[in-house]
Number of protein chains: 2
Amino acid sequence: MQANIQTDAIDAKILTALGEDGRRSYAEVGADVGLSTAAVHERVKKMLERGVIRRFSISVDPHTVGLNFTAFVAIRNDGGAHCRDIAPRLRELPSVQELHSVAGEYDLLAKVRTPHARDLEAVLLQIKAIPGVARTTSTVVLNTEFEDQPLRLPGA
Amino acid sequence: MQANIQTDAIDAKILTALGEDGRRSYAEVGADVGLSTAAVHERVKKMLERGVIRRFSISVDPHTVGLNFTAFVAIRNDGGAHCRDIAPRLRELPSVQELHSVAGEYDLLAKVRTPHARDLEAVLLQIKAIPGVARTTSTVVLNTEFEDQPLRLPGA
DNA sequence: AATGAAAAGTAATTCCA
DNA sequence: TGGAATTACTTTTCATT
């Protein structure tokens, strides 16, 4: 019993195909999944409407655009502070690429990317300046083994 | 002095435009950045060749395809084990979406996504079965505030 | 929902500056 | 390296099943 699944096996195949190459034509995708061009078009349109596909995009290698440093910053709140007050402030920081509220010793976990390790200090100062943030602990990434992999869905 | 930057300000604008909508036509992007269709085409082609753009893709909402649970799993190696031996094994696990070698108490940090919280147990067993893995600590994601944001580059 | 075919729009190619 | 024009392809729409 899995909730929220809004796709069937054909949709999964389409998502996998477009995840590998978002510019493949509907005709080509259709040949792969056994559907006409128009049918693929219709399904993609509906998946966009339902929010299954958030957007078409590109995968960019961070190092090639000067983002050479990555760290995970765990954030603990003050007693009264709520994640929902702090999260919007963290979203404003361009170095914070990803934010999750988490269970455990810390309340939030941020993925931070900067040009250089030395830039983390300034980001931490910005984070600590947000009302409700009590303390942070940073885990420095030495090497990203893999990330941003094309989506792989079972049954696709 | 920033190393590895392979893009100029116009490339940055192109990457930002395609990061927001990977299907915008080259003509449209060209109008935005002040270049002809062919010039944009040429620059995109070169960025693909240089590996700046890894691929065209789509952003999919994990919940809509049944991936409702996320956790970060920190992994510690045995004394003699190397990340480069363990990483390929973790890549084989479809639930492991992202893997970084990190500094600190643990050696690797994996982002794991499964249909349900209960599925984490099986993934942890698979991870612990990899030779060289000594122990793991999991941080459960309660809510993803944001992730998968369109790329924003300074000067774009 | 899916198909096939026509119309509209876009991209790749070629060549010129 | 960038722009213009041609050719080829892809998307989109629509009538039909």
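Quick note on labels: first sequence line is chain A, next is B, and so on, each numbered from 1.
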A.B. asks: Any donor-acceptor pair under 3.5 Å linking the side-chain atoms of A:His63 with those of A:Asn68?
C.D. replies: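 Yes, a side-chain donor-acceptor pair sits under 3.5 Å.
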A.B. asks: Would you mind checking if A:Arg24 and A:Asp32 are paired as a salt bridge, meaning a charged N to carboxylate O distance below 4.0 Å?
C.D. replies: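 A salt bridge is present here (some side-chain N lies under 4.0 Å from a carboxylate O).
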A.B. asks: Please give me every residue in residues 30-56 of chain B whose heavy atoms get under 4.0 Å of an atom in DNA chain C, ordered by residue number.
C.D. replies: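 Heavy-atom contacts with DNA chain C come from B:His41.
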A.B. asks: Rounding to a whole Å, what distance do you find between B:Leu18:CG and C:dT10:C1'?
C.D. replies: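 It is 14 Å, rounded to the nearest whole Å.
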A.B. asks: If you measure only the distance, is there a donor-acceptor pair under 3.5 Å linking the side chains of A:Ser59 and A:Asp148?
C.D. replies: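 The answer is yes; a qualifying pair exists.
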A.B. asks: Between atom CD in B:Glu28 and atom P in C:dG9, what is the gap in whole Å?
C.D. replies: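 Going from B:Glu28 (CD) to C:dG9 (P), I get 13 Å.
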A.B. asks: So that I know where these two stand, are A:Phe146 and B:His100 an aromatic pair - ring centroids less than 6.0 Å apart?
C.D. replies: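 Not under 6.0 Å, so no.
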A.B. asks: Could A:Glu20 and A:Arg152 be called an ion pair, given the rule that one side-chain N must be under 4.0 Å from one carboxylate O?
C.D. replies: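 Counted as a salt bridge, because a side-chain N and a carboxylate O are separated by less than 4.0 Å.
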